[in-house]
Amino acid sequence: MAKVLTSRKENYAQWYNDLVIKAGLAENSAVRGSMVIKPYGYAIWEKMQAQLDRMFKETGHENAYFPLFIPKSFFSKEADHVEGFAKECAVVTHYRLRNSEDGKGVEVDPTAKLEEELIVRPTSETIIWNTYKNWIQSYRDLPILVNQWANVVRWEMRTRLFLRTAEFLWQEGHTAHATKQEAVDETRQMIDVYAQFAREHMALPVIQGHKSENERFAGALDTLAIEALMQDGKALQAGTSHFLGQNFAKAFDVTFANKEGKVDHVWATSWGVSTRLIGGLIMAHSDDNGLVLPPKLAPIQVVIVPIYRSEEQYEAVVAKGEEIRKQLLKHGISVKFDKRDTQKHGWKFAEYELKGVPVRLALGMRDIENGTIEVARRDTLKKEVMPMEGIDEKIVALLDEIQDNIYNKALDFRDKSIHYVDTWDEFKDTLENKGGFIMAHWDGTAETEQKIQEQTKATIRCIPFDNKQEEGKCILTGKPSKERVLFAKAY
RNA sequence: CGGGGUGUAGCACAGUCCGGUUAGUGUACCUGCUUUGGGAGCAGGGGGUCGCAGGUUCGAAUCCUGCCACCCCGACCA
């Protein structure tokens, strides 16, 4: 087969870039740092959205939409929050263009300067809490469980398709609660939703835990995250859920009368996942032949490729292929019958492998004569000739099997990549030579975490839930520690 | 934002150092014939403001100045 991708071994980053582009997921646009998500890539996002949206609704959330532009002054209200975002936002300063003097183009009309500049949202806490102020008077108005699907902009220095772009798509949930416990529970519930989505739909095992102070969201009291491991041994933060305490309620003066008639500030959470998930999906499962997509998120789950010579053969094979397509459709399988006469079957095989279609059916005269069909699975690259009879049931089962296999493969890799180390030398050696996750003791201070990061580039990905408590010594300072935390180099 | 690199056909590149035929190769595209259970072969054909704007020169893809974009490495981040 002709090689179209850089191999993972050769250059993992290049492999990723090649893959995103060659598989037709996305490409760089004419706008610095902003990508075009192409139909095939967007189809994956739509599948993710559909499932997540279902899960949000099941947990009682509703969708709404808040403005893209946020008055600059809103950002000065929550000090920690500003600190985290102030530096990297797009700012709207004018509202009109005019023809330039030389008549060759347009320029910003200097007389159309905005009284108050607008910030293109990097996240929506401020505008949302400004709005919630008007929605909430009594405990009877609570909780508010709202999610929005939106785009946000963060003026990133260095961008990579899906993983980090200046503009990206995401969902952000923003909830308001009467009690601290309710907000804490919500924060936890949503990280669990993300973890479940990652495992069951993305076939991506994740470790859930608390972020350290350094890695916490600006303005949050606690940040929960799901951390996934990529094939190159680097971690990817795949989703976060924040317990915001009363910080935003205080900043935006959102109060309510509780059952006792006393006025209190509202408790808040926010949580989000983005198109970055697509990057994680790619890097977790795909191989040197192209994408490997879990059936539950694959835009095309089954592709049928006809094999023929003459026109009569084409007719016969296409007729049979149509039958099979309809059979599969009845099971709710998304199936593409590629009966184009403009590409050879060999070309199609390679193409759908590159695009990560989980199952490929090849159908030729030989099959029609024998009542068989060739079934090829993308995850193992194995081919098998099966009886045509009852093929639909088999495909249904096969898709499940592929979903499980992809997950188990990723889980195996992840589990093999968690290293327990107790000394500084071991820590550095493991990072350099093995990569992956490292469970090690840490003295709990931000300074130590900072030093470790400066010296090794590794950060604390999370402090896992239900973490085993054990006495130990910090790998850097030797100070006492009660538990190991999860380190890794991260995207 | 700092360091490095690259902009030439849809894509990938050569040519640039040392200015001088009609700007070339692979691939993709079009036509025809042959082929056909893993990216087919042969023949013919079409496609270029050489990133943009100035400048030097008889003459610029090539030299000079400025700008823009993208990629890689760092600091920042989902």
Side-chain angles (χ1 to χ4, degrees), chain A residues 1-6 11-14 16-18 21-22 27-35 83-89 102 104-105 122-123 151-172 194 211 214-218 223 225-228 235-242 270-280 289-290 305-311 313-314 317 341-354 360-370 372-374 376 381 383 385 453-454 457 459 461 490-491:
Chain A
M1 196 178 81
K3 195 187 127 186
V4 291
L5 298 175
T6 305
N11 184 340
Y12 193 83
Q14 190 61 46
Y16 175 81
N17 279 336
D18 283 1
I21 290 165
K22 300 266 169 60
E27 60 191 31
N28 283 307
S29 72
V31 187
R32 194 204 77 99
S34 299
M35 65 177 166
E83 185 57 29
F85 284 103
K87 291 161 278 182
E88 46 178 17
C89 292
D102 60 12
K104 282 181 182 164
T123 178
N151 58 339
V152 287
V153 169
R154 298 178 188 177
W155 215 256
E156 299 293 347
M157 300 300 173
R158 233 180 109 197
T159 59
R160 292 192 64 192
L161 292 167
F162 290 118
L163 297 174
R164 183 168 305 112
T165 48
E167 179 186 359
F168 57 93
L169 305 182
W170 77 347
Q171 58 70 214
E172 45 180 327
Y194 290 153
K211 282 291 181 185
N214 281 352
E215 299 277 323
R216 197 177 289 156
F217 174 70
T223 289
I226 53 171
E227 293 286 331
L236 182 81
Q237 179 176 306
T240 50
S241 182
H242 313 290
S270 68
W271 28 273
V273 295
S274 72
T275 38
R276 174 180 244 204
L277 288 179
I278 298 173
N289 295 318
V305 178
I307 295 164
Y308 54 89
R309 295 186 190 183
S310 62
E311 205 154 313
Q313 289 186 358
Y314 179 78
V317 169
D341 191 32
T342 51
Q343 313 290 349
K344 309 291 295 282
H345 62 265
W347 187 92
K348 291 175 185 172
F349 288 178
E351 181 69 7
Y352 292 111
E353 246 155 50
L354 183 62
R360 182 189 70 231
L361 302 177
L363 185 65
M365 288 314 286
R366 200 194 294 159
D367 296 303
I368 290 186
E369 281 157 24
N370 302 336
T372 59
I373 190 160
E374 183 189 87
L381 293 170
K383 292 193 287 197
V385 176
Q453 177 172 7
E454 279 162 17
K457 307 280 181 222
T459 50
R461 299 322 302 154
Y491 274 94

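The chains referred to below are lettered A, B, ... by the order of the sequence lines, with proteins before strands, and numbering in each begins at 1. Only heavy atoms go into these numbers, but all of them, side chains included; no hydrogens, no water, no symmetry mates. Just so you know, these numbers come straight off a predicted model, no measurement behind them.
Scored by the side-chain hydrogen bond (donor to acceptor under 3.5 Å, both in side chains) test, A/Ser241 finds no partners at all (sequence neighbours excluded). In terms of the side-chain hydrogen bond (donor to acceptor under 3.5 Å, both in side chains) criterion, A/Arg164 has no residue partners (sequence neighbours excluded). Here A/Tyr194 pairs with A/Gln171 under the side-chain hydrogen bond (donor to acceptor under 3.5 Å, both in side chains) rule; sequence neighbours left out. The side-chain hydrogen bond (donor to acceptor under 3.5 Å, both in side chains) test applied to A/Thr223 returns A/His242, not counting sequence neighbours. Contacts of A/Glu172 classified as salt bridge (Lys or Arg N to Asp or Glu O under 4.0 Å), with partners at least two apart in sequence or in another chain: none.
Within 4.0 Å of A/Glu156, counting heavy atoms only, lies at least one base atom of the nucleic acid. The residue A/Lys383 sits close to a base: some heavy atom pair falls under 4.0 Å. Contact annotation for A/Leu236: no contact, since no heavy-atom pair falls under 4.0 Å across all strands.
Atom name P, nucleotides B/U8 and B/G3: the rounded distance is 24 Å, in whole Å. For the P atom pair drawn from B/C70 and B/U31, the interatomic distance equals 37 Å after rounding to whole Å. Nucleotides B/G54 and B/C17 place their C1' atoms 24 Å apart, quoted to the nearest Å.
For the pair A/Trp170 and A/Thr342, nearest-nucleotide mapping onto RNA chain B gives the more 5' position to A/Thr342. Along RNA chain B, the nucleotide nearest to A/Thr275 and the one nearest to A/Ile307 differ in position, and the one closer to the 5' end is contacted by A/Ile307.
No hydrogens or angles were tested; on distance alone, nothing pairs the side chain of A/Gln343 with the base of B/G39 as donor and acceptor under 3.5 Å.
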Between N or O atoms, less than 3.5 Å apart, protein on one side and nucleotides 69-73 of chain B on the other: list the pairs.
unit_1, atom_1, unit_2, atom_2, d
B/C70, OP1, A/Arg32, N, 3.1
B/C71, OP1, A/Asn28, OD1, 3.3
B/C71, OP1, A/Asn28, ND2, 2.8
B/C72, OP1, A/Asn17, ND2, 2.9
B/C73, OP2, A/Arg158, NH2, 2.1

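Using a cut-off of 4.0 Å between Lys/Arg side-chain N and Asp/Glu carboxylate O, A/Glu351 and A/Lys344 are scored as not salt-bridged.
One can place CZ of A/Arg164 at 13 Å from C1' of B/G74, the figure rounded to the nearest angstrom. The distance between atom NZ of A/Lys457 and atom P of B/C76, rounded to the nearest whole Å, is 8 Å.
Looking at heavy atoms from C-beta onward, A/Gln237 lies out of side-chain contact with A/Ile226 at the 4.5 angstrom threshold.
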